[in-house]
There are 2 protein chains.
Amino acid sequence: MNDAKEILKKSKLRPTIQRVAIVDYIIGKHKVHITAAKLIKYLKNKKINISLATIYNNLNELADKGILKKFYVNNDKMWFDTNLQDHYHFYDSEKDELIDINKNEISFSKSPKIPNGKIKESINIIINLKNKN
Amino acid sequence: MNDAKEILKKSKLRPTIQRVAIVDYIIGKHKVHITAAKLIKYLKNKKINISLATIYNNLNELADKGILKKFYVNNDKMWFDTNLQDHYHFYDSEKDELIDINKNEISFSKSPKIPNGKIKESINIIINLKNKN
DNA sequence: TAGATTATTAGAATCATTCTAAACTAAAAA
DNA sequence: TTTTTAGTTTAGAATGATTCTAATAATCTA
């Protein structure tokens, strides 16, 4: 049984052709930032029959199972990330690409006071990049 | 001439009823975080005739003129902010409200290396809040 | 293999935002 | 002032990302 099927089995998800293809893609690289649009393009290229609805269903499911992390960049679109650590991103709008910023690459010497009655749920940091000159 | 009309004149925008109402709202408070939906609700309440398209047209125009700052929070919607300083936000999803974090409330002792050939365009920091307990 | 359960899919629905093009209004020119 | 012109507002259509629906198909369990 290949790794993708293993992973799916562990998460009690049936190893359909579509799911295996998605998970294969995800585990084939170290770090992946994907959007539904990018992923369907890639899979269609590989001659996998899959619909957009299935892409969304599965990316969301994998995020629910903790295999991917789901987040948004500006207002653009939904991104999924195989990097499950706490981390932040550069966003290169030129290439529509994300670059990880590991947690240890940023540190705060001063943090804002959390409003009364609230606690911090998550922090999103996105550093938008543009080309030099 | 009232302040709203002054501001519009300076920006070479005609002081229509709709524009004056929007700018009046904006300058009536110290710090305002608005979305199109919140603003139209407020103005309709005040019996101002205005369409959603006009709200968007004008908020975008005011952002272009530097009177408002436009940004996004997660994937939700487009927000406009009267605070023109560099700053960040808490987001209270419970109330769908933003709270400013002034730049001097955060400081970095370590910042990530910007990728080659790129420069920083802007930094978005959003601290998502949830209720304590 | 049958029956139960879970997946996939095309296409419709949704929601925030933008676009279109017609009707209107303010400012400038005559 | 009227006329002209340039800028505005608007209803409703269009857009684009995502989700929903409900019919069909694939997988699993016994």
Side-chain angles (χ1 to χ4, degrees), chain A residues 1-2 4-24 33-41 43-44 46-65 67-68 70-80 91 93 96, chain B residues 1-2 4-23 33-41 43-44 46-65 67-68 70-80 91 93 96 98:
Chain A
M1 193 180 323
N2 76 16
K5 284 190 180 169
E6 277 296 349
I7 289 173
L8 288 169
K9 198 176 180 190
K10 269 188 204 139
S11 292
K12 300 192 174 33
L13 295 171
R14 291 181 178 173
T16 62
I17 292 171
Q18 292 81 359
R19 274 195 187 131
V20 171
I22 292 175
V23 176
D24 267 340
H33 299 115
I34 11 170
T35 62
K38 285 178 195 287
L39 185 54
I40 199 169
K41 199 172 162 191
L43 294 174
K44 292 284 188 194
K46 289 250 169 183
K47 308 292 179 215
I48 308 282
N49 277 322
I50 193 166
S51 72
L52 239 199
T54 300
I55 298 266
Y56 277 107
N57 286 344
N58 282 302
L59 290 177
N60 278 318
E61 256 160 5
L62 292 171
D64 289 347
K65 300 287 183 182
I67 292 165
L68 292 175
K70 173 177 170 176
F71 62 101
Y72 300 90
V73 173
N74 304 332
N75 202 44
D76 256 8
K77 37 186 118 50
M78 189 181 276
W79 287 83
F80 293 88
Y91 176 62
S93 58
D96 191 30
Chain B
M1 193 180 324
N2 76 15
K5 285 190 179 169
E6 279 296 350
I7 289 174
L8 289 169
K9 197 175 181 189
K10 269 187 204 139
S11 292
K12 300 193 175 30
L13 295 171
R14 292 182 178 173
T16 62
I17 291 171
Q18 292 80 359
R19 274 194 186 130
V20 170
I22 291 174
V23 176
H33 300 114
I34 11 170
T35 61
K38 284 178 196 287
L39 185 53
I40 200 170
K41 198 172 163 192
L43 293 174
K44 292 283 188 195
K46 288 249 167 181
K47 307 291 178 216
I48 307 283
N49 278 322
I50 193 164
S51 71
L52 239 199
T54 300
I55 297 267
Y56 277 107
N57 287 344
N58 281 303
L59 290 177
N60 279 318
E61 255 161 7
L62 293 172
D64 290 346
K65 299 288 183 182
I67 292 166
L68 291 175
K70 173 177 169 174
F71 62 101
Y72 299 90
V73 174
N74 304 330
N75 201 43
D76 255 10
K77 38 188 115 53
M78 188 181 278
W79 286 83
F80 293 88
Y91 176 62
S93 58
D96 191 30
L98 295 170

> Out of C/dA26, D/dT10, D/dT18, which has the shortest distance to the side chain of B/Asn49?
D/dT10
> For the backbone of A/Ser11 and the side chain of A/Lys65, can you confirm whether one donor and one acceptor N or O come within less than 3.5 Å of each other?
yes
> C/dT6 P sits how many Å from A/Lys65 NZ, rounded?
11 Å
> For B/Leu13 and C/dT25, what is the distance between atoms CG and C1' respectively, to the nearest whole Å?
15 Å
> Could you tell me whether B/Ile50 contacts a base, only the sugar-phosphate backbone, or nothing, with contacts defined as non-hydrogen atoms closer than 4.0 Å?
sugar-phosphate
> For B/Tyr72 and C/dT18, what is the distance between atoms OH and P respectively, to the nearest whole Å?
6 Å
> Of the options C/dA16, D/dT19, D/dG12, whose atoms approach the side-chain atoms of B/Lys77 most closely?
C/dA16
> Is the shortest distance from a Lys or Arg side-chain nitrogen in A/Lys46 or A/Asp24 to a carboxylate oxygen in the other one below 4.0 Å?
no
> Examine C/dA7: is either OP1 or OP2 under 4.0 Å from a nitrogen or oxygen in the side chain of A/Arg19? Give yes or no.
yes
> Is any side-chain heavy atom of B/Ile22 less than 4.5 Å from a side-chain heavy atom of B/Phe80?
no
> Between B/Ile17 and B/Lys70, just flag the one whose closest nucleotide in DNA chain C comes earlier from the 5' side.
B/Lys70
> With the side chain of A/Thr16 defined as its heavy atoms from C-beta on, choose the nearest nucleotide among C/dA26, C/dA10, D/dT27.
D/dT27
> Considering only side-chain heavy atoms of B/Met78, which listed nucleotide, C/dT17, D/dT8, D/dT10, is closest?
C/dT17
> Supply the atom-to-atom distance A/Leu68 CG to A/Leu59 CG, rounded to the nearest 0.5 angstrom.
6.5 Å
> From the list C/dG11, D/dT8, C/dC19, which nucleotide is the closest neighbour of the side chain of A/Ala53?
C/dG11
> What integer distance in Å separates A/Leu39:CG from D/dT18:P?
12 Å
> Under 4.0 Å, heavy atom to any atom of DNA chain C: which of residues 54-63 of chain A qualify?
A/Thr54, A/Asn57, A/Asn58
> Grab the CG-P distance between A/Leu52 and D/dA17 for me, whole Å please.
9 Å
> Less than 4.5 Å apart, any side-chain heavy atom of A/Asn49 and any of A/Ile17?
no
> Atom NZ of B/Lys12 to atom C1' of D/dT8: distance rounded to whole Å?
18 Å
> According to salt bridge (charged side-chain N to carboxylate O under 4.0 Å, His left out), does anything in residues 49-64 of chain A pair up with another residue at least two apart or in another chain? List the pairs.
A/Arg19-A/Glu61
> Rounded off to whole Å, could you give me the NZ-to-P distance for the A/Lys38 and D/dA17 pair?
12 Å
> Nearest to the A/Ser51 side chain among C/dA27, C/dT9, C/dT17, which nucleotide is it?
C/dT9
> So, applying side chain to side chain contact (heavy atoms under 4.5 Å, CB included) with A/Leu13, which one of A/Val23, A/Asn58, A/Ile7, A/Leu62 is it?
A/Leu62
> In Å and rounded to the nearest 0.5 Å, what is the OG1 to NZ distance from B/Thr35 to B/Lys41?
10.0 Å
> How about B/Lys38 and B/Asp96: do any of their side-chain heavy atoms sit closer than 4.5 Å?
yes
> Taking C-beta and beyond as the side chain, do A/Tyr72 and B/Val73 meet within less than 4.5 Å on heavy atoms?
no
> May I have the distance from A/Gln18 (atom CD) to D/dT27 (atom P), rounded to whole angstrom?
9 Å
> Show me the dot-bracket string of DNA chain D, counting Watson-Crick or G-U pairs under 3.5 Å, with | for pairs to another strand and [ ] for crossing ones.
||||||||||||||||||||||||||||||
